[in-house]
Protein chains: 2
Amino acid sequence: MTAIETAVPGVPAEGTRARVERAALDLFTLRGFEQVTTDEVADAAGISRRTFFRYFATKADAVWGDFAAHVARLEELLADADPAQPVLGSVCAAYVEVNDYVAAELPLLRERMRLILTEPALLAHSQLRYAEVDRVVARYVAARSAGRETDLVPRLVAATTRAAATTAFQAWLRDERSALGDHLRQAFAELTAGFPALLR
Amino acid sequence: MTAIETAVPGVPAEGTRARVERAALDLFTLRGFEQVTTDEVADAAGISRRTFFRYFATKADAVWGDFAAHVARLEELLADADPAQPVLGSVCAAYVEVNDYVAAELPLLRERMRLILTEPALLAHSQLRYAEVDRVVARYVAARSAGRETDLVPRLVAATTRAAATTAFQAWLRDERSALGDHLRQAFAELTAGFPALLR
DNA sequence: TTGCCGCGTGGCACCGGGTGTCATTAGCCT
DNA sequence: AGGCTAATGACACCCGGTGCCACGCGGCAA
């Protein structure tokens with residue numbers, strides 16, 4: 001496969017990153033993450049393998065988009081949360097809001113998340129990304145409950161809410177027509193109420 | 001570094017696996033997972049690199065011991081659980097019991113878990129191992145609640161209880177003299193009660 | 001215009017994890 | 001003794017990731 005546009009050295013590239021992401025997503029979705037080499041992705045995007053690794057630290061990073069901005073937004077939402085609201089409620093609300101995408105972005109999100117939650121190598125890698133999210137949440141809970149970020153409860157809230165969110169994403173992926181927000185709210189409702197669906 | 005015992009080809013090896021695990025654990029703990037090559041581990045254990053990968057599918061697998069047996073025991077505990085007990089309680093109890101180690105095994109467990117939860121590459125890899133655990137738990141919850149393994153609630157229980165268990169392990173690692181069971185019970189108590197520690 | 005410089009780029013060599021293949025060797029069975 | 005099985009080790013290879021260097025474009029100053 002050859003390049004659509006030949007890259008010009010010395011030029012700021014202007015949209016190269018997005019083009020590489022598209023090529024990566026397409027190839028990974030089509031043939032599977034492990035079956036595609038970084039050489040092929042780079043080639044499809046019209047850059048060299050070496051340059052690919054200047055845009056993305058690892059092969060896996062090419063599917064995450066601007067995840068750092070996502071985490072930053074979550075952090076802002078938590079910082080702006082009403083202190084009168086319960087801590088756990090604020091965390092869940094922030095998760096719901098940060099994942100409130102406009103309709104046009106949903107297909108891309110689906111593609112990303114399908115890869116991340118389906119491909120073993122990407123699922124493993126996700127743990128490293130989600131660790132950043134956990135730290136943000138744990139820090140917030142610690143601050144609100146006058147504890148330390150490394151205490152059991154802040155970490156527990158971070159780990160379990162994130163697990164719930166991930167599970168909601170899985171459910172969303174399985175049902176093409178469902179709304180992500182509904183799954184998230186249902187998952188958090190179960191979690192915060194101690195799984196009432198299991199009472200019998 | 002040279003071998004303690006030179007391996008004899010054709011002989012069943014008898015304890016080679018355990019020797020490799022020890023060498024790996026020692027080296028990883030001493031110098032860090034990524035800083036040690038599989039060549040060095042193999043050499044320290046007196047085998048070739050190629051043979052190392054016959055005992056362990058990946059470098060990371062050398063720190064997990066017989067994890068499949070661990071998962072199998074959890075599955076048995078769940079199968080033998082009292083059907084009169086609440087589902088969630090059975091899952092938590094099984095987690096506590098499967099992690100009820102005799103004192104002599106605790107230092108080894110600490111070493112393993114410290115590596116797994118501290119080294120980024122191992123933390124990422126852990127996701128793949130824990131996915132097996134999640135499936136076992138989700139299957140049990142689905143069976144008890146007349147649902148499917150892929151439904152939201154079974155997956156949710158599996159993901160959140162496992163997240164709670166992992167968090168308990170982290171707390172245990174931070175406190176040298178604490179009991180793992182105490183952390184697990186406390187984490188599960190918080191989880192199943194909807195985090196009462198956060199009420200204010 | 002000429003010459004210099006910064007920077008994105010690509011080529012290349014290298015490292016390390018992981019795999020397929022093949023020859024070697026020992027124990028065992030007949 | 002001869003043949004079979006199974007564990008091993010050597011070798012070549014693939015691929016992700018990195019360090020290094022040379023190239024070429026645009027911009028800037030003289």
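In what follows, chains are A, B, ... by sequence order, proteins preceding strands, each numbered from 1. Below, each value reflects all heavy atoms present in this structure, side chains not excepted, and no hydrogens, waters or symmetry copies.
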May I have the distance from [X] (atom [atom1]) to [N] (atom [atom2]), rounded to whole angstrom?
X      : N      : atom1 : atom2 : answer
B/R50  : C/dA23 : CZ    : C1'   : 14 Å
B/D61  : C/dG18 : CG    : C1'   : 12 Å
B/L122 : C/dG17 : CG    : P     : 12 Å
B/I47  : D/dA6  : CD1   : P     : 20 Å

Under the 3.5 Å rule, do the base of C/dG10 and the side chain of A/R54 count as making a donor-acceptor pair? yes
Test of understanding: with salt bridge (Lys or Arg N to Asp or Glu O under 4.0 Å), list the residues that count as partners of A/R50, not counting sequence neighbours. none
Quick check, are the ring centers of A/W64 and A/Y130 under 6.0 angstrom apart? yes
Who are the side-chain contact (heavy atoms from CB on, under 4.5 Å) partners of A/R114, not counting sequence neighbours? A/T29, A/T118, A/L173
Please list, chain by chain and in numerical order, all residues satisfying side-chain contact (heavy atoms from CB on, under 4.5 Å) with A/N99, sequence neighbours excluded. A/H70, A/Y95, A/Y101, A/F169, A/L180, A/L184
Return no unless some side-chain N or O of A/T51 is found under 4.0 Å from OP1 or OP2 of C/dT9. no
Has A/Y55 got a side-chain N or O lying under 4.0 Å from the OP1 or OP2 atom of C/dG8? no
So which pairs with a foot in residues 56-75 of chain A pass salt bridge (charged side-chain N to carboxylate O under 4.0 Å, His left out), sequence neighbours left out? A/D61-A/R129, A/E75-A/R139
Show which side-chain atoms of residues 30-38 of chain B pair as donor or acceptor with protein atoms under 3.5 Å away, not counting sequence neighbours.
unit_1	atom_1	unit_2	atom_2	d
B/R31	NH2	B/Q35	O	3.1
B/R31	NH2	B/E40	OE1	3.0
B/R31	NH2	B/E40	OE2	3.1
B/T37	OG1	B/E40	N	3.2
B/T37	OG1	B/E40	OE1	3.4
B/T38	OG1	B/R49	NH1	3.4

Please list, pair by pair, any protein nitrogen or oxygen found under 3.5 Å from a nitrogen or oxygen in nucleotides 13-17 of chain D.
unit_1	atom_1	unit_2	atom_2	d
D/dG16	OP1	A/V36	O	3.4
D/dG16	OP1	A/K59	NZ	3.0
D/dG16	OP2	A/T38	N	3.1
D/dG16	OP2	A/T38	OG1	3.1
D/dG17	OP2	A/K59	N	2.5
D/dG17	N7	A/R49	NH1	3.3
D/dG17	N7	A/R49	NH2	2.7
D/dG17	O6	A/R49	NH2	2.7

